There are 2 protein chains.
Amino acid sequence: MFTITFRFESGESVSIDANPGEKLLDVARKANVAIDAPCSGNGVCGKCRVRLASGALDAPINRHISEEEYAAGWRLACLASVVGDAEIEVPDIASAYRSRMKMADLSSPEEIAIFEDLRAQLEAAGVAFGSDLHFLPLTLSEPTLDDTMPDNERLLRAIEAAAGVDESRIILPYSVLRDLSRVLRDSAFSVKCVISRDQDRVLIRDVLPQDSAAPLAGFALDLGTTSLAGVLVDLETGKILAKASGGNGQIRYGADVINRIIESGKEGGRRRLQDAVVKESIIPMLSSMYRASGIDPRRVYRMVLAGNTTMNHLLLGLHADPIRMEPFVPSFFRAGDLYARDIGLKLNPMAELIVAPNIGSYVGGDITAGALVSMIWNSPEMSLFIDLGTNGELVFGNSEFLMSCACSAGPAFEGGDISCGMRATDGAIEACTIDKDTMEPAMTVVGDVPPAGICGSGIIDIIAELFRCGIIDGKGKIVREGPRILRDEHGMGSYVLAWQKDTGGVKDVVLNEVDIDNFIRAKGAIFSATETMLSSLGFDASVIERVYVAGGIGSGINMRNAVTIGMFPDIPLENFHYIGNSSQAGAYAMLLSSQAREKVFELSRSMTYLELSNEPGYMDAFVAACFLPHTDRELFPSVDF
Amino acid sequence: MFTITFRFESGESVSIDANPGEKLLDVARKANVAIDAPCSGNGVCGKCRVRLASGALDAPINRHISEEEYAAGWRLACLASVVGDAEIEVPDIASAYRSRMKMADLSSPEEIAIFEDLRAQLEAAGVAFGSDLHFLPLTLSEPTLDDTMPDNERLLRAIEAAAGVDESRIILPYSVLRDLSRVLRDSAFSVKCVISRDQDRVLIRDVLPQDSAAPLAGFALDLGTTSLAGVLVDLETGKILAKASGGNGQIRYGADVINRIIESGKEGGRRRLQDAVVKESIIPMLSSMYRASGIDPRRVYRMVLAGNTTMNHLLLGLHADPIRMEPFVPSFFRAGDLYARDIGLKLNPMAELIVAPNIGSYVGGDITAGALVSMIWNSPEMSLFIDLGTNGELVFGNSEFLMSCACSAGPAFEGGDISCGMRATDGAIEACTIDKDTMEPAMTVVGDVPPAGICGSGIIDIIAELFRCGIIDGKGKIVREGPRILRDEHGMGSYVLAWQKDTGGVKDVVLNEVDIDNFIRAKGAIFSATETMLSSLGFDASVIERVYVAGGIGSGINMRNAVTIGMFPDIPLENFHYIGNSSQAGAYAMLLSSQAREKVFELSRSMTYLELSNEPGYMDAFVAACFLPHTDRELFPSVDF
């Protein structure tokens with residue numbers, strides 16, 4: 001038994017016993033140390049770089065580690081085995097794109113614009129807001145020796161009278177009974193109940209002193225494969241009380257849903273995957289939101305979840321294997337009767353968990369909620385809604401019909417599978433131009449700090465600019481040389497955005513040919529999916545009147561460049577609209593409005609699901625799209641260089 | 001900080017740190033060491049005797065400890081303070097009457113007779129049996145690439161078709177969804193559901209493989225202040241699967257409900273009192289029953305609780321203070337929507353907790369369930385139902401009316417407040433005669449082992465015999481001398497039933513004048529309550545046609561002797577019937593039959609509650625009854641010696 005100590009840039013450290021021969025990545029997982037391993041630990045992605053500060057590890061050199069780096073102690077955790085005591089430095093860059101949580105500044109109108117806009121649009125479309133959860137104030141007569149009715153009966157009779165519902169149809173759960181006696185006496189029998197109606201029943205979710213100022217809060221969560229985003233909302237007013245985003249802790253079990261499902265099928269895997277997202281991502285996010293807003297967790301009465309089908313299953317701790325194995329049948333599309341406590345969240349004990357409905361194994365609640373936000377169901381215009389996540393999902397149609405499909409884009413849009421990729425948080429290069437002659441870049445970096453990595457919108461810009469400048473060819477290979485071009489011993493080229501000596505980071509910020517290749521496959525998946533779905537309807541891209549782009553890629557996305565690299569169809573730029581995180585906005589609407597909830601369920605029932613892998617032309621279309629902008633340049637007349 | 005080590009006769013020991021000045025009883029509670037303290041730790045009852053084996057304690061001598069005993073190290077834990085390290089011997093006698101759990105031998109027809117008799121009687125009275133919880137076998141079509149309906153929808157549609165209930169009215173909770181996918185696939189889509197109907201809804205409580213042999217089990221619990229008794233039952237057949245009894249772990253916080261309520265009102269008290277009964281009494285009892293029967297806890301789908309109002313509140317972790325403080329208002333009489341999980345029991349996650357209804361602060365579910373069993377509601381005969389527990393409760397009436405009241409008898413009937421008292425388990429003297437000339441006793445001891453103490457029925461016999469032999473007078477004072485009479489330095493007399501040298505126990509088994517006085521007050525409370533209730537109706541004892549006696553006092557109760565000491569009214573002996581633990585039997589019926597459940601709720605609504613403390617004559621009647629057999633001997637014409 002040896003002792004492995006992990007040290008973080010923050011100065012903190014954690015030690016754990018390990019057996020000889022154990023994989024360092026497994027040791028880190030046991031110690032709950034966040035090391036990125038998007039490829040789930042087989043030496044492919046190179047994300048799990050750590051530095052051996054002292055002691056010993058048995059680890060090979062690898063294409064992701066140069067000889068100088070190896071000499072300096074850099075190793076891939078997934079390829080390193082324990083052979084003795086060791087002290088390991090874990091660079092923050094590794095966890096940056098995974099778990100750094102960010103609280104939104106609510107004083108910035110941009111942060112809440114999407115919610116306000118959506119509400120206005122939905123109300124204009126006839127979808128009323130107004131919570132079905134509300135306060136019912138009640139002043140009860142105080143008990144006396146002549147009136148010794150028990151507390152629960154006293155309350156039930158008052159609700160019966162106030163709500164006009166027979167006592168036998170009022171549910172008073174244990175969580176309310178438990179402190180009822182104290183609450184009644186502390187408030188001199190003047191209380192307000194939190195009630196909701198469900199079919200013909202009234203559910204008492206809470207009883208508070210009538211002078212309590214606590215808002216009736218709800219929690220909307222967009223749960224992505226790579227990132228999550230949550231808002232805490234006042235259910236009476238719709239006001240955003242707190243907003244946060246962060247990484248999905250499951251990422252150390254694989255970057256995509258397939259690797260996660262495989263991991264979840266192992267002994268104890270369901271629990272591990274659930275814990276990774278609940279305990280490491282959602283609970284810390286909620287804690288930060290409680291601190292920022294002063295909300296008491298017990299005053300959160302509803303949670304809405306919008307996530308893809310696999311994320312829903314893993315969050316709920318369900319068996320996910322049937323999703324990836326023929327005939328691809330999940331446990332549920334629509335599930336009712338769920339509570340936040342079922343997944344281990346300590347909100348109000350009666351807080352329900354509403355899950356935005358899935359419509360297929362790979363088109364989930366993030367898309368049905370997002371389709372609501374796109375408003376494409378409310379217009380005669382033929383519109384395409386694209387959600388750029390780890391999976392790319394598309395919905396095409398109008399007020400008459402809707403069709404959806406999904407393609408596996410991989411995590412590249414969110415910075416995964418990219419050697420210097422990161423989410424659009426501080427330090428991320430989010431936009432870039434390159435001088436054709438000098439090959440020097442000009443960049444915009446999130447948070448005005450030295451660049452630490454590149455987020456999705458930045459990658460699109462860089463590839464488009466490299467292509468425009470003739471630095472890379474249609475296959476993404478670097479065909480020019482210069483001070484910013486590096487080559488490794490195999491000749492693989494990298495374009496350097498920022499030098500380590502200038503940034504003070506752990507390595508240069510570069511985009512290399514493997515990254516470009518990964519990104520080209522991601523954009524090729526999106527484009528070929530669009531083409532295939534349209535062709536299944538007998539259409540081509542010319543019918544598209546509007547394109548709504550959603551996802552964490554960021555508002556910085558340059559649509560011109562996205563068309564340049566052949567990611568989106570070549571239609572007039574003014575018809576593209578970036579609508580932000582539509583999954584989160586849809587969850588917000590479902591939290592507040594039962595009509596919005598019904599609308600999403602209605603959309604889920606009417607939406608056709610196209611299984612791309614069953615479409616004969618899809619693979620050919622994908623291969624043809626894995627080129628800049630496309631092997632068939634005629635599809636991109638506006639890309640004329 | 002000192003170290004206190006508690007050693008048990010079993011050879012086990014436990015050590016804990018303690019601060020100087022801490023009370024030894026509190027240290028024992030912290031260490032979870034069961035030391036009886038029925039008087040809740042103020043030196044009155046003398047039950048908490050422990051022996052200082054080494055080290056030091058600051059503890060006074062006390063009337064419960066002789067000088068020889070003090071020299072030998074005996075101390076009262078409640079009066080002892082920590083002054084250094086110490087090793088303490090905890091005699092088993094102290095815990096015998098409290099926590100020894102006993103599994104019933106189901107091969108003995110006596111153990112199950114009460115349940116079978118009750119069922120026959122209820123069915124004869126038109127109360128049908130037959131569970132409203134049942135198995136629904138379903139064979140689902142297996143999914144294919146052409147039929148990819150999700151698992152939950154597949155199940156819901158099948159239930160909709162089989163049960164004729166719209167899908168929107170079928171509740172599929174998380175606990176079922178969680179493993180649904182696995183169960184369906186492991187059983188080749190051939191399953192049986194455990195379902196119940198509630199109003200117009202169907203609740204799916206479980207889904208099992210169709211070939212599962214597990215019975216549909218339920219748990220009925222009689223929760224007394226001193227003891228508890230449980231049965232595990234097959235809900236389909238009514239068969240008793242396991243039966244057990246044990247002590248209520250709360251006893252270390254006080255012998256009666258008032259002391260427990262006071263304790264529960266202290267910081268953390270609700271949790272302590274709940275833990276004491278749930279973790280120390282109910283869970284160990286259930287574990288033994290699971291072992292004995294081979295039942296899986298997750299296959300227990302319903303629990304019925306019958307207990308007094310305070311026990312119900314403390315078990316549920318509710319505030320109990322309002323029960324004992326004017327105007328004496330509990331949190332509930334009738335509570336629905338409770339689940340076994342609410343009190344921390346891991347039965348099936350959807351196992352409901354049905355609580356037999358209370359009708360007053362001191363007449364609870366044990367009495368409403370017991371009244372069902374007494375069948376007095378089904379006969380025109382004027383009948384008295386007496387439940388002899390720590391509280392004595394009475395119900396008087398017939399098929400036309402029912403009135404109930406409660407009196408605080410104290411724990412004497414169950415062996416509490418008696419220096420050598422114990423429950424009717426192995427070693428308890430349960431019956432006794434005394435030779436008038438030699439004053440020598442002849443005893444029956446439970447389990448045919450040397451006598452270790454005296455249970456309730458034994459105490460009745462001993463007092464009646466001592467009185468008949470002229471050894472004690474009407475006030476319970478010992479007025480003869482002899483080899484079996486001991487006197488302490490204050491002249492207090494004891495009658496020795498068994499000598500320590502003969503039994504090998506820790507002390508002589510005696511009944512002393514304090515014990516007799518305690519018991520006379522207990523029997524006086526019962527008799528005066530009977531008198532006062534009848535007189536409030538304008539009756540006297542002559543109207544009583546039948547007396548049904550229930551409670552843990554044991555089938556050994558000698559009714560003749562109970563009349564002799566003036567505990568029961570002097571009516572012909574053939575009209576007395578001992579009906580055993582009616583609270584447990586009533587809970588059994590409620591477990592199995594929704595009609596029995598309705599009947600108990602109907603009884604609870606129709607029963608009048610008489611608050612004795614509001615009756616002007618009660619205190620005088622009580623004082624007059626604290627005499628053998630009574631100050632008014634004309635009330636007991638048959639007691640002619």
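Computed from a prediction, not measured in an experiment: that's the story for all the values here. Below, read A as the first sequence line, B as the second, and so on, with proteins coming before strands; counting in each chain starts at 1.
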#### Entry: Side-chain donor-acceptor contact under 3.5 Å, A:Ser168 with A:Asp166
yes
Side chain [X], main chain [Y], donor-acceptor under 3.5 Å:
X	Y	result
A:Arg298	A:Asn348	no
A:Tyr174	B:Arg341	no
A:Glu393	A:Ala406	no
B:Glu160	B:Glu167	yes
B:Ser404	B:Thr608	yes

### Query
For B:Arg271, does the CZ atom sit with more than 12 other heavy atoms under 6.0 Å from it, leaving out its own atoms?
no
### Task
Let me know if B:Leu338 has heavy atoms under 4.5 Å from chain A in its side chain, its backbone, both or neither.
side chain
### Query
Heavy-atom distance under 4.5 Å to chain A: side chain of B:Ser175, backbone, both or neither?
neither
### Query
Rounded to the nearest 0.5 Å, how far apart are CG of A:Leu347 and OH of A:Tyr301?
11.0 Å
### Message
I need the A:Ser264 OG to A:Arg272 CZ distance, nearest 0.5 Å.
### Response
9.0 Å
#### Entry: chain B contact via A:Leu145 - which portion, at a heavy-atom distance below 4.5 Å
both
### Query
Which atoms of A:Ile170 come close to chain B, meaning under 4.5 Å heavy atom to heavy atom: side chain ones, backbone ones, both, or neither?
backbone
Name the member of [options] that forms the most heavy-atom pairs with chain A at distances under 4.5 Å.
options	answer
B:Leu177, B:Leu156, B:Leu180	B:Leu177
B:Glu153, B:Arg169, B:His313, B:Arg154	B:Arg169
B:Glu142, B:Arg185, B:Met149	B:Arg185
B:Pro173, B:Pro322, B:Pro349	B:Pro322

Using residues 324-337 of chain B as the side-chain source, report each donor-acceptor pair under 3.5 Å to any protein atom, sequence neighbours left out, with the distance given to one decimal.
unit_1: B:Arg324; atom_1: NE; unit_2: B:Asp321; atom_2: OD1; d: 3.3
unit_1: B:Arg334; atom_1: NH1; unit_2: B:Ser604; atom_2: OG; d: 3.4
unit_1: B:Asp337; atom_1: OD2; unit_2: A:Leu172; atom_2: N; d: 3.3

Greatest number of heavy atom pairs closer than 4.5 Å to chain B - which of [options]:
options	answer
A:Asp342, A:Leu353, A:Ile171, A:Leu318	A:Asp342
A:Asp151, A:Thr148, A:Asp146	A:Asp151
A:Ile343, A:Asp198, A:Leu184	A:Asp198

### Query
How would you list, in number order, the residues of residues 304-312 of chain B that have a heavy atom less than 4.5 Å from chain A?
none
#### Entry: chain A-proximal positions within residues 354-367 of chain B [heavy-atom distance under 4.5 Å]
none
### Query
Between A:Leu155 and A:Val207, is a side chain to side chain contact (heavy atoms under 4.5 Å, CB included) present by the stated rule, with each step listed?
CA-CA 10 Å; A:Leu155 182 72; A:Val207 178; 3.8 Å; yes
### Query
Salt-bridged, A:Arg302 to A:Asp132, with N to O below 4.0 Å?
yes
### Query
Looking at A:Glu602 and A:Lys599, does any basic side-chain N land under 4.0 Å from a carboxylate oxygen?
yes
### Query
Can you name the side-chain hydrogen bond (donor to acceptor under 3.5 Å, both in side chains) partners of B:Glu611, sequence neighbours left out?
B:Tyr609, B:Ser613
### Task
Measure the shortest side-chain to side-chain distance between B:Leu221 and B:Met303 over non-hydrogen atoms and say whether it is less than 4.5 angstrom.
yes
